[in-house]
Each structure stands twice: as structure tokens, then as C-alpha cells.
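Structure first, then comments.
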Amino acid sequence: MIIKSGGVKDSSPETVRIREVECRSLLNKSGLADYAVNCYSGCGHGCCYCYARFATRFSHSGEAWGGFVDVKINARTILEKEIKRRRVGRVFISSVCDGWQPAESRYGLSGQCLELLLRHGFPVTILTKSALILRDLDLLEGKPDVEIGVTVTTLNEEVRKLIEPGGAPAKDCFHVLEEARRRGIATYAFVGPLMPGLSDTEENLSGLLKEIKVAGAAYFYIDRLNLRFGVWPAVRTLLEKHYPHLLDGCRKVLFNAPDREAYTLRLTSMVRRIARKQGIEDRMMLCF
Ligand code: SF4
């Protein structure tokens, strides 16, 4: 099955090939929490900086990240079996895809698994860049030990459409935070990975942190761009096409240790200053 994505010509696939598959496990151990649940392999959001594209080392080699999604159609059945055998622990949804990516509106698997986990008393941490999570706020309302996070990297829609073509605009993500908070659900934000010269500017970060404050997120992360499998070729291609003047600077930040160290110090100092100005420095967590 082929569906249209929010892809932008030349920077991401314009269609996403959907394939229904069966999985053997779903509730897997994770470094981000006790467990992670991923109902999809691949992600229709197709972010250029995505660390999850390492998955293409093992399958879908040669396919563009963002151009395929395998839907684990038996996810709920498998989770129902696993949940009975596992001790209760925090579950992160999702670690190598966005659980509320476009395919979720058709299949609803992350929502079904979320309902199951909550019914069995598993604490849940969600991270998404999709407003589709609003559909499932009813499930989370009134539940202890659940939290919703949104990833926001830029307020500039032109940039966002290039680097996160299938994701939601930042204003929609902030609306998710505000609505969740209004309904008593704990929220947080993830600001990153920041693209050197594009989304790590003082203007952009000042705007984002101001919105985070307004939305009332309990805490927020800041992350710089890191080299992971397949990230540099994707970033380089995008910069060559759309921002060639940023290419050399980005290359230095990623590949030259002294430049990277100096960049990290500059970024740290800048985000601390901005957060202090907004009065939210105590809510900030640096990932570097
Ligand atoms: S939403 Fe997350 S998992 Fe999906 S492509 Fe973007 S960074 Fe990767």
C-alpha cells in the first residue's frame, strides 16, 4: 500500500510504502525506560536527523528513511501475552519510531497498546511530534505516572517542512502540551537534535523556550546534533540542496573535535542564558 506523506520534493520521500507485518515481541527492554513499545518499524515523519534510521542497516537497506513503514498488525495481541509475564515498569512510546505517525490514524495500534498498558498499571512516557496524540488524551486523563512529551526543534515552518517533513508544526505540538496540561496530564518537551546554523540560533531557541514556559511543561531537554548511522549523509544532502552556506560549519561541528567542543560550550552557555531569562533554567536538562 502506498500513501502520500507530507514529504517535500528533493528532501524526503513523497510517498510512504506501508507493509503489514507480524511481530514476535513488542514490550522490549530499553535504555530510555524499563521498556519501549514500537508498533511500527520506520517512521513516516522522515526527519533528516533521525537516529532511528540505524534500523535500515538490518532491513530495508537501500530504502529512504521516511519512505517505508512496517505496521505490526498483531501488536496488541503480542503485548497482551507479554504483559502477563513481565514485571510492571515504565514504558517509553516510542523509541525507534513515532507511535502517533500518520499510519497510526489508520491502524490505531499505539493507542490500543497504550490502553492495555495503562489498564495493567504500567507507567508510560510518550514522546511524539504528532497532534494525533490528542485522540488518546482520554486514556491518559486521571492516570497516575503518565507523561506526554513533544519534540519541537524550530518555529520556522519553512525549515520544519524540510527537516521534519511529516511532523506537526511546533504550534500544534505546543497545543498538545497545553491541552494535556489542562487535563491534568504531566508534560515535557524535547528540543532537539538542534541543527547547526538552522535550529540552534538564539532567535529560534528564545522563541521555543518562551513557548515551553507558556505551555507549562514540567521540564525540557536540549540536545545537539549527534553523529549516528546514516545521519550525516541525510543532513549533508539537505544542506547541499537548501542551505549550502551552512555545510562547512555543520561538518566541522560534527567531525572536528575542537570545533565540536567549542560549539558545545557556546550552545550550553546560550541555552542557559535564554532559560535563565525565561525563569525556567531549573526545568532544563542538557543531553550533552
Ligand atoms: S519522528 Fe522521531 S522516529 Fe520519526 S523520523 Fe522523526 S526523529 Fe525519527
Side-chain angles (χ1 to χ4, degrees), residues 1-3 5 16-47 50-61 63 65-151 166-167 185 229:
M1 180 194 313
I2 303 287
I3 61 170
S5 80
V16 181
R17 189 186 54 72
I18 302 282
R19 192 177 59 163
E20 295 179 356
V21 300
E22 300 225 330
C23 63
R24 279 183 288 197
S25 68
L26 197 78
L27 189 63
N28 295 313
K29 286 202 180 308
S30 169
L32 298 171
D34 298 309
Y35 307 104
V37 158
N38 291 278
C39 295
Y40 306 95
S41 296
C43 186
H45 287 167
C47 307
C50 182
Y51 301 157
R53 55 164 39 86
F54 73 85
T56 57
R57 286 171 76 171
F58 313 111
S59 63
H60 299 280
S61 83
E63 286 191 74
W65 184 251
F68 67 88
V69 176
D70 287 353
V71 178
K72 302 175 187 175
I73 47 167
N74 60 338
R76 190 184 189 286
T77 309
I78 294 295
L79 182 62
E80 200 153 21
K81 286 182 190 155
E82 290 179 315
I83 240 171
K84 292 173 187 153
R85 307 195 298 261
R86 300 290 183 90
R87 67 170 177 82
V88 169
R90 180 164 292 278
V91 183
F92 193 84
I93 313 175
S94 292
S95 58
V96 290
C97 71
D98 192 319
W100 282 265
Q101 60 176 286
E104 172 70 6
S105 59
R106 177 187 176 94
Y107 289 95
L109 295 172
S110 297
Q112 291 169 25
C113 291
L114 174 64
E115 188 274 328
L116 199 53
L117 289 164
L118 295 173
R119 185 145 45 86
H120 286 80
F122 281 71
V124 172
T125 294
I126 288 167
L127 181 61
T128 183
K129 53 174 66 121
S130 169
L132 184 58
I133 187 64
L134 291 169
R135 180 199 67 188
D136 293 329
L137 292 191
D138 285 352
L139 298 172
L140 297 158
E141 203 171 339
K143 297 288 189 310
D145 229 357
V146 297
E147 57 180 357
I148 295 183
V150 295
T151 302
I185 302 162
F229 177 85

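On a predicted model such as this, the values are computed, not experimentally measured, just so you know. Only heavy atoms go into these numbers, but all of them, side chains included; no hydrogens, no water, no symmetry mates.
Using modelled atom types, one side-chain atom of Ser105 and one backbone atom of Pro102 make a donor-acceptor pair closer than 3.5 Å. Judged by distance alone, the side chain of Asn38 and the main-chain N or O of Val96 form a donor-acceptor pair under 3.5 Å. Between the side chain of Asp70 and the main chain of Gly42, no donor-acceptor pair closer than 3.5 Å is present. Lys81 places no side-chain N or O within donor-acceptor distance of the main-chain N or O of Thr77, the cut-off being under 3.5 Å. At least one donor-acceptor pair closer than 3.5 Å links the side chain of Glu82 to the backbone N or O of Leu27. Between the side chain of Glu104 and the backbone N or O of Leu109, at least one donor-acceptor pair lies under 3.5 Å. Side chain of Ser130 to main chain of Trp100: a donor-acceptor pair is present (N/O by atom type, distance under 3.5 Å, no hydrogens or angles).
With Val124 as reference, Leu117 is the one residue of Leu117, Val37, Ile148 to meet the side chain to side chain contact (heavy atoms under 4.5 Å, CB included) rule.
Shortest non-hydrogen contact noted between Pro123 and Gly89 is CD-O, 3.5 Å. Between Arg24 and Ile78, the shortest heavy-atom contact is O-CG2, 3.8 Å. Of all the heavy atoms in Gly111 and Asp136, the pair that sits closest is CA-OD2, 3.5 Å.
For the pair Cys39/Leu26, a side-chain contact is recorded, criterion being any heavy-atom separation below 4.5 Å from C-beta on. Taking the side chain as every heavy atom from C-beta outward, Val21 and Ile73 never approach each other to under 4.5 Å. When side chains are defined from C-beta on, Ile126 does not count as touching Ser110, because their heavy atoms never get closer than 4.5 Å. Here the side chains of Lys72 and Tyr40 are not in contact, with every heavy-atom distance at 4.5 Å or above. Side-chain atoms of Arg17 and Val69, non-hydrogen and from C-beta on, never get closer than 4.5 Å to each other. Put simply, the side chain of Val71 reaches to within 4.5 Å of the side chain of Ile18, judged on heavy atoms. Residues Leu118 and Leu140 are in side-chain contact: their nearest non-hydrogen atoms beyond the backbone lie under 4.5 Å apart.
The aromatic rings of Phe122 and Tyr35 are tilted relative to each other, their planes meeting at an angle between 30° and 60°.
Side-chain contact of Thr128 with Asp98: a donor-acceptor pair under 3.5 Å is present, judged by distance alone. For the 3.5 Å distance criterion, the side chains of Ser25 and Asn28 qualify, holding a donor opposite an acceptor.
A salt bridge does not link Asp34 to Arg86: none of the charged side-chain nitrogens sits closer than 4.0 Å to a carboxylate oxygen.
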Discussion item. Between Tyr107 and Glu20, is the side chain to side chain donor-acceptor pair (under 3.5 Å) condition met? List the steps.
Written reply: CA-CA 10 Å; Tyr107 289 95; Glu20 295 179 356; 2.7 Å; yes
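Cation-pi geometry between Arg57 and Phe229 is satisfied (NZ or CZ under 6.0 Å from the ring centre, within 45° of the ring normal).
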